Amino acid sequence: MKKIISIIVALLIFISFLLFNSEKTLATVSSPDSSFKIMLKYKEPLLKGPFKVSIYYKRKNSILKNYLVETMMFHDGSSLSKNNYSLKWKGNTAELTLIGDTKPYEIILINIEERDKVKRKVELPERK
């Protein structure tokens with residue numbers, strides 16, 4: 001009987017780990033000419049803390065997504081939503097702004113043609 005309870009507890013822990021550790025999609029945004037897509041995925045914190053946000057891109061006819069960069073975003077309370085990011089395209093360069101609660105805005109410039117050119121800068125939010 002103890003073995004069965006131990007196995008059930010282990011399975012529950014394993015399933016909980018898989019559920020909390022899986023990436024969720026925040027957004028998939030296509031470039032103006034639809035030749036690229038930027039994908040924002042995140043992992044929720046286990047109890048409290050920052051969200052791990054991963055950024056990928058994908059070419060139009062490609063099956064594979066390509067990893068670009070990863071960052072942490074502080075957002076107290078609920079899950080992330082469309083209010084937590086802004087993405088603007090200028091040709092093949094995307095300007096991604098991540099907006100959390102307690103951390104300053106993070107702006108990430110992504111030049112798709114030159115994959116290794118990912119520039120990051122942190123700006124303080126405007127005070128209202």
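These numbers come from the heavy atoms of this one structure, side chains and all, not from hydrogens, waters or symmetry mates. Please read all numbers here as calculations on a predicted model, not as lab measurements.
How far NZ of K24 is from NZ of K41: 12.0 Å, rounded to the nearest 0.5 Å. Atom CG of N66 is separated from atom CZ of R59 by 7.5 Å, given to the nearest 0.5 angstrom. Between L40 atom CG and L80 atom CG the span is 9.5 Å, to the nearest 0.5 Å. The distance from the OG atom of S54 to the NZ atom of K43 is 7.0 Å, given to the nearest 0.5 Å. Distance check: S31 OG to K37 NZ gives 10.0 Å after rounding to the nearest 0.5 Å. Distance CD1/I108 to OH/Y85: 14.0 Å, rounded to 0.5 Å.
Residue pairs meeting the ring-ring contact (aromatic ring centres under 6.0 Å, His included) criterion with at least one partner in residues 29-48, sequence neighbours excluded, are Y42-F51.
A donor-acceptor pair is defined here as one N or O able to donate and one able to accept, closer than 3.5 Å; no such pair exists between the side chain of T25 and the backbone of A27. Under the 3.5 Å distance criterion, the side-chain polar atoms of S62 are left unmatched by any main-chain donor or acceptor of K58. Using modelled atom types, no side-chain atom of N84 and backbone atom of G100 make a donor-acceptor pair closer than 3.5 Å.
Judged by distance alone, the side chains of T97 and E106 never bring a donor and an acceptor atom under 3.5 Å apart.
The local environment of CD1 in I4 is sparse, with at most 12 non-hydrogen atoms from other residues, nucleotides or ligands closer than 6.0 Å.
Contact of the L26 side chain with the V53 side chain is not registered, since no non-hydrogen atoms from C-beta on lie closer than 4.5 Å. Two residues are said to be in side-chain contact when any heavy atoms from C-beta on lie closer than 4.5 Å; I55 and L96 meet this criterion. Two residues are said to be in side-chain contact when any heavy atoms from C-beta on lie closer than 4.5 Å; I110 and L68 meet this criterion.
When all heavy atoms of P50 and P45 are compared, the pair lying nearest together is O-CB, 3.7 Å.
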